Visitor: 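Sharing a structure here in structure tokens format.
Just so it is clear, the structure is predicted and the values come from calculations on it, not from any experiment. Numbers restart at 1 for each chain; the letters A, B, ... are given by sequence-line order, proteins then strands.
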Amino acid sequence: MDFEYKGKNISLKNKVLSKLDLFVIDFVNILTKYADYVVVSGYVSIIFGRSRGTEDIDILINKIDMETFIKFNRELIGKQYWFLNADNPGELYGMLHDGLAVRIAIKETVIPNIELKFVKSDLDKISLREHMIVETEENSINISPLELQIPFKLFLGSDKDIEDAVYLYDIFSNQLDKVKLKQYMSILKVKGTDYGIDV
Amino acid sequence: MGSMFDKKQNLAERLKFVHFYSQWVISVPNEVWSKQQADFIDSLFENARNFQLDSKKYLKSINRR
């Protein structure tokens, strides 16, 4: 793998983009006009090569007002997306406002879909504020800081989540800020020694 | 009767593959690993088009997890 890891930017040149990558890129290029966003969870390991699919891509955004959400909704609908939960933008906004996720897919499909939520917890807010940027030739995607993503995956704790954490650690073990990693592991009360994540 | 399936052993074997696979990804140019990954994910993507659940059933299945 050839990448350049500079501060919060990871540049991945000559990556062959999958249809999933193109789906995410198209969506975030619309989203970014209306909100600050960060992609979290499974797709963060997939973008760096993990060999698995996913049915949803988790994205957190800052709280936006209803008017902005309606404009965002209108642009998505005009570009052949649809919301799985409801048609009415007011109802969808109410769900987001209540801390629930809304799901968005390409019209006439259900999978893959974007699971979109407003930031809620302190760790959500850190993910958004301190996000990293993955750059390919012409596109970029904001992702959760890896030092937070790895402990969070261990915290979730399913086999799939642990595998994601181990994969990211294997790929970036020389670049990760081990102090930060240790700090987030301590906050989330997780240990990685059983899996080779030894900080 | 105890389960014949050893979850711990299963995870250990899967992690062994993750380590093996990550070392391979590290060792080859981006064009190589990403082409193989894109072929794999694109086939899943195409398969998802045949997914027959409507949105209500899908959301119900998610909530049950």
Visitor: Could you tell me which non-hydrogen atom of Y58(B) sits nearest to which non-hydrogen atom of R103(A), and how far apart they are?
Guide: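 The answer is OH-NH1, 3.5 Å.
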
Visitor: Identify the residues of residues 159-180 of chain A whose heavy atoms come closer than 4.5 Å to a heavy atom of chain B, ordered by number, or report 'none'.
Guide: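 Residues of residues 159-180 of chain A touching chain B at under 4.5 Å: D159(A), I162(A), E163(A), V166(A), Y167(A), D170(A), I171(A).
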
Visitor: With clusters defined by side-chain heavy atoms of hydrophobic residues (ILVMFWY) lying less than 4.5 Å apart, directly or transitively, does W82(A) cluster with L76(A)?
Guide: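 They do not share one cluster, since no chain of ILVMFWY contacts under 4.5 Å joins L76(A) to W82(A).
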
Visitor: State whether the number of non-hydrogen atoms from other residues, nucleotides or ligands found under 6.0 Å of E137(A) atom CD is greater than 12.
Guide: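 Yes - once you tally the heavy atoms of other residues, nucleotides and ligands closer than 6.0 Å, there are more than 12.
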
Visitor: Around atom NZ of K19(A), are there more than 12 heavy atoms of other residues, nucleotides or ligands at under 6.0 Å?
Guide: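 Yes - once you tally the heavy atoms of other residues, nucleotides and ligands closer than 6.0 Å, there are more than 12.
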
Visitor: Count I, L, V, M, F, W, Y as connected when their side-chain heavy atoms are under 4.5 Å apart, and connections chain through other members. Are I141(A) and L146(A) then in the same cluster?
Guide: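 Yes, one cluster joins them.
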
Visitor: Same cluster for I111(A) and V39(A) if Ile/Leu/Val/Met/Phe/Trp/Tyr side chains link at under 4.5 Å?
Guide: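 No, it is not one cluster - the side chains of I111(A) and V39(A) are not joined through contacts under 4.5 Å.
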
Visitor: Give a yes or no on this: more than 12 heavy atoms of other residues, nucleotides or ligands lie within 6.0 Å of atom OH of Y34(A).
Guide: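 Buried by this count: over 12 neighbours within 6.0 Å.
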
Visitor: Check each atom of N113(A) against the heavy atoms of chain B and say whether the ones under 4.5 Å are side chain, backbone, both or neither.
Guide: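 Just the side chain, heavy atoms under 4.5 Å.
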
Visitor: Side chain to side chain contact (heavy atoms under 4.5 Å, CB included) between L11(B) and Y195(A): does it pass, once the steps are laid out?
Guide: CA-CA 10 Å; L11(B) 177 61; Y195(A) 316 117; 4.0 Å; yes

Visitor: If every non-hydrogen atom of V16(A) is compared with every non-hydrogen atom of S34(B), which pair is closest and at what distance?
Guide: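 Reported closest heavy-atom pair: N-OG, 2.8 Å.
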
Visitor: If you take all heavy atoms of I62(B) and E55(A), which pair is closest and at what distance?
Guide: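 Between these two residues, the closest heavy atoms are CD1-OE2, 3.4 Å.
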
Visitor: Sort I26(B) into side chain, backbone, both or neither according to what part of it lies under 4.5 angstrom from a heavy atom of chain A.
Guide: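 Both parts, backbone and side chain.
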
Visitor: Among S27(B), S55(B), A12(B), which residue has the highest count of heavy-atom pairs closer than 4.5 Å to chain A?
Guide: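 Highest number of pairs under 4.5 Å: S55(B).
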
Visitor: For E46(B), does the CD atom have more than 12 heavy-atom neighbours from other residues, nucleotides or ligands under 6.0 Å away?
Guide: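 Correct, the count exceeds 12.
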
Visitor: Can you give each donor-acceptor pair under 3.5 Å made by side-chain atoms of residues 117-125 of chain A, sequence neighbours left out, with the distance rounded to 0.1 Å?
Guide:
from	atom 1	to	atom 2	distance (Å)
S121(A)	OG	L123(A)	N	3.4
S121(A)	OG	D124(A)	N	3.0
S121(A)	OG	D124(A)	OD1	3.3
D124(A)	OD2	K120(A)	N	2.9
D124(A)	OD2	S121(A)	N	3.1

Visitor: With only heavy atoms counted, which part of V18(B) is less than 4.5 Å from chain A, the side chain, the backbone, both or neither?
Guide: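 V18(B) touches chain A through backbone and side-chain heavy atoms alike.
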
Visitor: Does any heavy atom of chain A fall under 4.5 Å from the side chain of D39(B), the backbone, both, or neither of them?
Guide: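 Looking at D39(B), nothing touches chain A.
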
Visitor: What do you reckon, is NZ of K33(A) surrounded by more than 12 foreign heavy atoms closer than 6.0 Å?
Guide: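 Yes.
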
Visitor: May I ask you to check whether over 12 heavy atoms, not counting those of K107(A), lie within 6.0 Å of atom NZ?
Guide: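 Yes, the 6.0 Å shell around NZ holds more than 12 heavy atoms from other groups.
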
Visitor: What are the two closest non-hydrogen atoms of W33(B) and G49(A), and how far apart are they?
Guide: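 Taking W33(B) first and G49(A) second, the nearest heavy atoms are CZ3-CA, 3.3 Å.
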
Visitor: Hydrophobic cluster membership, with links at side-chain heavy-atom distances under 4.5 Å among I/L/V/M/F/W/Y: are I64(A) and L60(A) in one?
Guide: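 No: no chain of side-chain contacts under 4.5 Å links I64(A) to L60(A).
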
Visitor: For side chain to side chain contact (heavy atoms under 4.5 Å, CB included), just list the numbers for F45(B) and S18(A), CA-CA rounded to whole Å, side-chain angles, deciding distance to a tenth of an Å, and then say yes or no.
Guide: CA-CA 9 Å; F45(B) 209 94; S18(A) 68; over 6 Å; no

Visitor: Walk me through it: do I46(A) and Q37(B) pass the test side chain to side chain contact (heavy atoms under 4.5 Å, CB included)?
Guide: CA-CA 9 Å; I46(A) 293 172; Q37(B) 189 206 30; 3.6 Å; yes

Visitor: For each of T109(A), I106(A), L84(A), tally heavy-atom pairs with chain B at distances under 4.5 Å, and name the one with the top tally.
Guide: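 Among the listed options, the one with the most contacts to chain B is L84(A).
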
Visitor: Is it true that, when you exclude D87(A) itself, more than 12 heavy atoms of the residues, nucleotides or ligands shown sit nearer than 6.0 Å to its CG?
Guide: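 Count not over threshold, so no.
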
Visitor: Within a radius of less than 6.0 Å around NE2 of H19(B), do more than 12 heavy atoms belonging to other residues, nucleotides or ligands occur?
Guide: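 Yes, because the 6.0 Å sphere around NE2 of H19(B) holds more than 12 heavy atoms from other groups.
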
Visitor: To the nearest 0.5 Å, tell me how far W24(B) CH2 sits from S51(A) OG.
Guide: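 W24(B) atom CH2 to S51(A) atom OG measures 9.0 Å (nearest 0.5 Å).
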
Visitor: Regarding K15(A) and E31(B), does a basic nitrogen lie under 4.0 Å from an acidic carboxylate oxygen?
Guide: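 No, no charged N to carboxylate O under 4.0 Å.
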
Visitor: Following the transitive rule for hydrophobic clusters with a side-chain heavy-atom cut-off under 4.5 Å over Ile, Leu, Val, Met, Phe, Trp and Tyr, establish whether F27(A) and F83(A) coincide in one cluster.
Guide: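 Cluster IDs for F27(A) and F83(A) match.
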
Visitor: Non-hydrogen atoms of chain A under 4.5 Å away: do they reach the side chain of Q36(B), the backbone, both or neither?
Guide: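 Contact with chain A: none, neither part.
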
Visitor: Are the side chain of N30(B) and the backbone of K13(A) linked by a donor-acceptor contact shorter than 3.5 Å?
Guide: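 Confirmed, N30(B) side chain pairs with K13(A) backbone.
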
Visitor: Between N10(B), V32(B), L44(B), D42(B), who has the most heavy-atom pairs with chain A when the cutoff is under 4.5 Å?
Guide: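 Counting heavy-atom pairs under 4.5 Å, the top option is D42(B).
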
Visitor: Would S22(B) and F48(A) count as a side chain to side chain contact (heavy atoms under 4.5 Å, CB included) if you check the C-alpha gap in whole Å, the side-chain angles of each, and the deciding distance to 0.1 Å?
Guide: CA-CA 10 Å; S22(B) 62; F48(A) 295 116; over 6 Å; no

Visitor: Taking the side chain as C-beta and beyond, is there a heavy-atom pair between D2(A) and P29(B) under 4.5 Å?
Guide: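 Yes, close enough: below the 4.5 Å cut-off.
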
Visitor: Which pair of non-hydrogen atoms, one from F40(B) and one from G53(A), has the smallest distance, and what is that distance?
Guide: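 So the two residues come closest at CE2-N, 4.1 Å.
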
